[in-house]
Each structure stands twice: as structure tokens, then as C-alpha cells.
K.L.:
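First the structure, which I've put down as C-alpha cells, then a few questions once you've had a look.
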Amino acid sequence: MTPDPADAAASAPLRVILVDDENLIRSALATMLSLEDDLDVRGEAATVADGLRLARSAQPDVAVLDLQLPDGDGLELAARIAEVSPATRCLLVTSHSRPGYLKRALAQGVLGFLPKTTSADQLARAVRSVASGRRAIDPELAAETISSGDSPLTPRESDVLEYAADGAAIEQIARRAHLAEGTVRNYLSSAQAKLQAANRHEAVALARRQGWI
């Protein structure tokens, strides 16, 4: 009897790609997911540009993306992947778990959003859920998002404020955010103006109270 192509497709492992600029974390995620019989890691990348090329060539079922990348962000990459590999569904795994990012992700149609503290087991389940068209959202972040208002800050303004939260100097913030010092000053100034804060420290406090960083 000739095998049914539908049955073969159903039993084939899910094709997964990983995009994260932190090599150690990316390798660890790849190793964890490769231990699952039904998941097949087809490739890894560290930038938006390389991730897009990988998605185009691998045509994965699921793309596991970091939020912060050297040449852009995971949300930008998710939108571009939709153009070159329409069947691919995206799952963001990030240390920047904030309501503003989740709202933007959901508006873009991203199905998964988890913190990097997620266990290997949870991540594998999330990949399967996203592949089947179901959402996989960190419940704590979802609750915060429901209770928080809309942030007036752009993602980059939020990032810079977060990097400034410990009182770091401009040059330190620039290194952390992979931005020029002048760009950091512009983002801080814009954030302060939007939050009507007297200085960056007050802006940080206001943004934290609202759950925006």
C-alpha cells in the first residue's frame, strides 16, 4: 500500500530555526530542542540579515527568535520572515519581557512570547503549540500586559531606559544597547519628554511603575 502523504507530513519532525546573537544561549537552545524526537533544528543565526536568509532557505515550521539583535529586533525579523516563508510561525524568547513588546508582538500576529528563564520542557511545548497555530504566552507577562496601559515609548526608548536604570553612564548604556552615544542621548531625551520627567532617573521610575520597562 502506498503511504498517505498526509500521514507522512503529520509524522515528520517540526523544522525549527534559532536566531539569537548570544552564542552560548543559542547553542544551548539548539541542544535542548534537538533532544526532542519531533523537533528538527535546521539552522542557527545571530542577526536579522542571517536569520532572514536562513528562513528563506530552510522554510521552517517555527522560528525561535531573540528580541534584541545587533542589526534590528526579533519583531522586525518576524515580519520579514512572513514575507519569505509565509508558513513559518514565530516564537520570541527574550530577557526583555515587557508588556509593550508583547502588545506589539500580538498585533503583528506573533504566536509565542516567553522569557529566557523558560525551562527546556516549556520551550519544546511552546514550539509545538506555535507550530499548530496556538498561542504560547508567558502567563505572568500576559497578566502584566492586561493591567498596564499603552506605553508611549518606542521599543528602543524602553531599552535605553532599562539600561540606564542602574545609573550607568552614557558610554556604558551605549555599549549595552549597541548604539552610538549621541543616539542614546536622543532616546533618553525623547523618553523623558514623553513621560514628562525631570531627568532620566525619574523617567525610569515612572516607566517601571507603569510596567513599561
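Since the model is a prediction, treat every value here as computed from it, not as a measurement.
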K.L.:
Nearest 0.5 angstrom please: L161 CG to Y187 OH, how far?
P.N.:
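If I round to the nearest 0.5 Å, the distance is 12.0 Å.
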K.L.:
Any side-chain heavy atom of S95 within less than 4.5 Å of one from P115?
P.N.:
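Counting from C-beta outward, S95 and P115 never come under 4.5 Å.
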K.L.:
On a heavy-atom basis, which atom in A58 and which in R42 lie closest, and how many Å separate them?
P.N.:
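Scanning both residues completely, I find the closest heavy atoms to be CB-CB, 4.3 Å.
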K.L.:
Restricting to non-hydrogen atoms, name the atom on A203 and the atom on L195 that form the minimum distance, rounded to 0.1 Å.
P.N.:
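Shortest heavy-atom separation between A203 and L195 comes out as O-CD1, 3.5 Å.
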K.L.:
Start with the C-alpha gap between F113 and L141, add the side-chain angles, then the distance that decides, and say whether side-chain contact (heavy atoms from CB on, under 4.5 Å) holds.
P.N.:
CA-CA 9 Å; F113 202 107; L141 178 60; 3.5 Å; yes
K.L.:
Enter the distance from N186:CG to L179:CG here, rounded to the nearest 0.5 Å.
P.N.:
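So the gap between those two atoms works out to 10.5 Å.
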K.L.:
Should V160 and R156 be marked as a side-chain contact (heavy atoms from CB on, under 4.5 Å) after you check the CA-CA gap, both sets of side-chain angles, and the distance that decides it?
P.N.:
CA-CA 6 Å; V160 169; R156 275 303 195 184; 5.5 Å; no
K.L.:
Are any of the side-chain heavy atoms of L188 and V184 separated by less than 4.5 Å?
P.N.:
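Yes. Closest side-chain heavy atoms under 4.5 Å.
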K.L.:
Determine whether V127 and I17 fall in the same hydrophobic cluster, where Ile, Leu, Val, Met, Phe, Trp and Tyr are linked whenever their side-chain heavy atoms lie under 4.5 Å apart.
P.N.:
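Result: no, two separate clusters.
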K.L.:
Would you call R80 and E76 a salt bridge, using N to O less than 4.0 angstrom?
P.N.:
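Result for this pair is yes, salt bridge flagged.
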K.L.:
Side chains of S119 and Q122 only: does a donor on one sit below 3.5 Å from an acceptor on the other?
P.N.:
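Checked: S119/Q122 side chains pair up, N/O donor to acceptor below 3.5 Å.
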K.L.:
Are T31 and V41 packed together at the side-chain level, in the sense that at least one heavy-atom pair is separated by less than 4.5 angstrom?
P.N.:
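They are not in contact (no side-chain heavy atoms under 4.5 Å apart), so the answer is no.
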K.L.:
Which atom names give the shortest non-hydrogen contact between L114 and I137, and what distance separates them?
P.N.:
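So the minimum-distance heavy-atom pair works out to CD2-C, 4.2 Å.
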K.L.:
Applying a strict under-4.5 Å side-chain criterion to I, L, V, M, F, W and Y, I'd like to know whether V84 and V16 cluster together.
P.N.:
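No, V84 and V16 fall in different hydrophobic clusters.
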K.L.:
Applying a strict under-4.5 Å side-chain criterion to I, L, V, M, F, W and Y, I'd like to know whether L91 and I81 cluster together.
P.N.:
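As far as the 4.5 Å side-chain criterion goes, I81 and L91 are not connected within one cluster.
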K.L.:
Within a reach of under 6.0 Å around CD of Q196, are more than 12 heavy atoms found that belong to other residues, nucleotides or ligands?
P.N.:
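Result for CD/Q196: open.
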K.L.:
With no hydrogens and no angle check, is any side-chain donor or acceptor of D71 less than 3.5 Å from a backbone partner on V48?
P.N.:
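Here the side-chain-to-backbone pair exists.
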K.L.:
If you look at every heavy atom in G43 and L54, which pair is closest and at what distance?
P.N.:
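Taking G43 first and L54 second, the nearest heavy atoms are C-CD2, 3.4 Å.
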K.L.:
Quick one: CD1 on I25 to NZ on K116, what's the gap to the nearest 0.5 Å?
P.N.:
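One finds 4.0 Å between CD1 of I25 and NZ of K116.
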K.L.:
Please determine whether side-chain contact (heavy atoms from CB on, under 4.5 Å) holds for the pair D66 and V93, giving the CA-CA distance in whole Å, both sets of side-chain angles, and the decisive distance to 0.1 Å.
P.N.:
CA-CA 5 Å; D66 188 15; V93 180; over 6 Å; no
K.L.:
Are any side-chain N or O atoms of E202 and backbone N or O atoms of N199, one a donor and one an acceptor, separated by less than 3.5 Å?
P.N.:
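No, E202 side chain to N199 backbone: no donor-acceptor pair under 3.5 Å.
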K.L.:
Below 4.0 angstrom, N of the basic side chain to O of the carboxylate: do D166 and R176 qualify?
P.N.:
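Salt bridge: yes.
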K.L.:
Is it the case that the side chain of Q108 and the backbone of A105 share a donor-acceptor pair, with hydrogens and angles ignored and the cut-off at 3.5 Å?
P.N.:
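Not a single qualifying donor-acceptor pair exists.
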K.L.:
Hey, is CG on D37 packed in by over 12 heavy atoms from elsewhere, all under 6.0 Å?
P.N.:
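Not more than 12 within 6.0 Å, no.
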K.L.:
Tell me, do L77 and V19 make a side-chain contact under 4.5 Å, heavy atoms counted?
P.N.:
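Yes - at least one pair of side-chain heavy atoms lies under 4.5 Å apart.
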K.L.:
Taking 4.0 angstrom as the limit, do R89 and D61 come out as a salt bridge?
P.N.:
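No, this pair does not count.
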K.L.:
With the threshold set at 4.0 Å, does a side-chain nitrogen-carboxylate oxygen contact exist between R128 and E36?
P.N.:
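E36 and R128: salt-bridged.
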K.L.:
Please report the interatomic distance CD(E83) to CG(L52), rounded to the nearest 0.5 Å.
P.N.:
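Here the rounded value is 8.0 Å.
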K.L.:
State whether the side chain of D20 and the backbone N or O of A45 hold a donor-acceptor pair below 3.5 Å, judged by distance alone.
P.N.:
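Answer holds: no.
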K.L.:
When rounded to the nearest 0.5 angstrom, what is the spacing between CG in L75 and CD in Q68?
P.N.:
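Result: 9.0 Å between the selected atoms.
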K.L.:
Check S85 against T88 and note the closest heavy-atom contact, atom names and distance.
P.N.:
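Looks like OG-OG1, 2.5 Å.
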K.L.:
Tell me whether L65 is reachable from L33 by hopping between hydrophobic residues (I, L, V, M, F, W, Y) whose side-chain heavy atoms are closer than 4.5 Å.
P.N.:
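L33 and L65: separate clusters.
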K.L.:
Assess the residue pair T118 and R125 against the criterion (side-chain contact (heavy atoms from CB on, under 4.5 Å)); give the C-alpha distance rounded to whole Å, side-chain angles, the decisive distance to 0.1 Å, and a yes or no.
P.N.:
CA-CA 11 Å; T118 297; R125 286 200 303 270; over 6 Å; no
K.L.:
Mark yes or no for whether Q192, through its side chain, and R200, through its backbone, hold a donor-acceptor pair below 3.5 Å.
P.N.:
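Side chain of Q192 to backbone of R200: a pair is present.
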K.L.:
For a quick test of reading the model, state the closest non-hydrogen atom pair linking V110 to C90 and the distance between them.
P.N.:
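Residues V110 and C90, closest heavy atoms: CG1-O, 3.5 Å.
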K.L.:
Between atom CG of L206 and atom NE2 of H201, what is the distance when rounded to the nearest 0.5 Å?
P.N.:
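The CG atom of L206 sits 13.0 Å away from the NE2 atom of H201.
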K.L.:
So if you build clusters from Ile, Leu, Val, Met, Phe, Trp, Tyr with side-chain heavy-atom gaps below 4.5 Å, do L69 and V62 land together?
P.N.:
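No, it is not one cluster - the side chains of L69 and V62 are not joined through contacts under 4.5 Å.
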K.L.:
Is it true that a side-chain atom of S189 and a backbone atom of R185 form a donor plus acceptor pair closer than 3.5 Å?
P.N.:
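Answer holds: no.
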K.L.:
Count the heavy atoms of every other residue, nucleotide or ligand shown that sit under 6.0 Å from CG of L24, and state whether that count exceeds 12.
P.N.:
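12 or below, so no.
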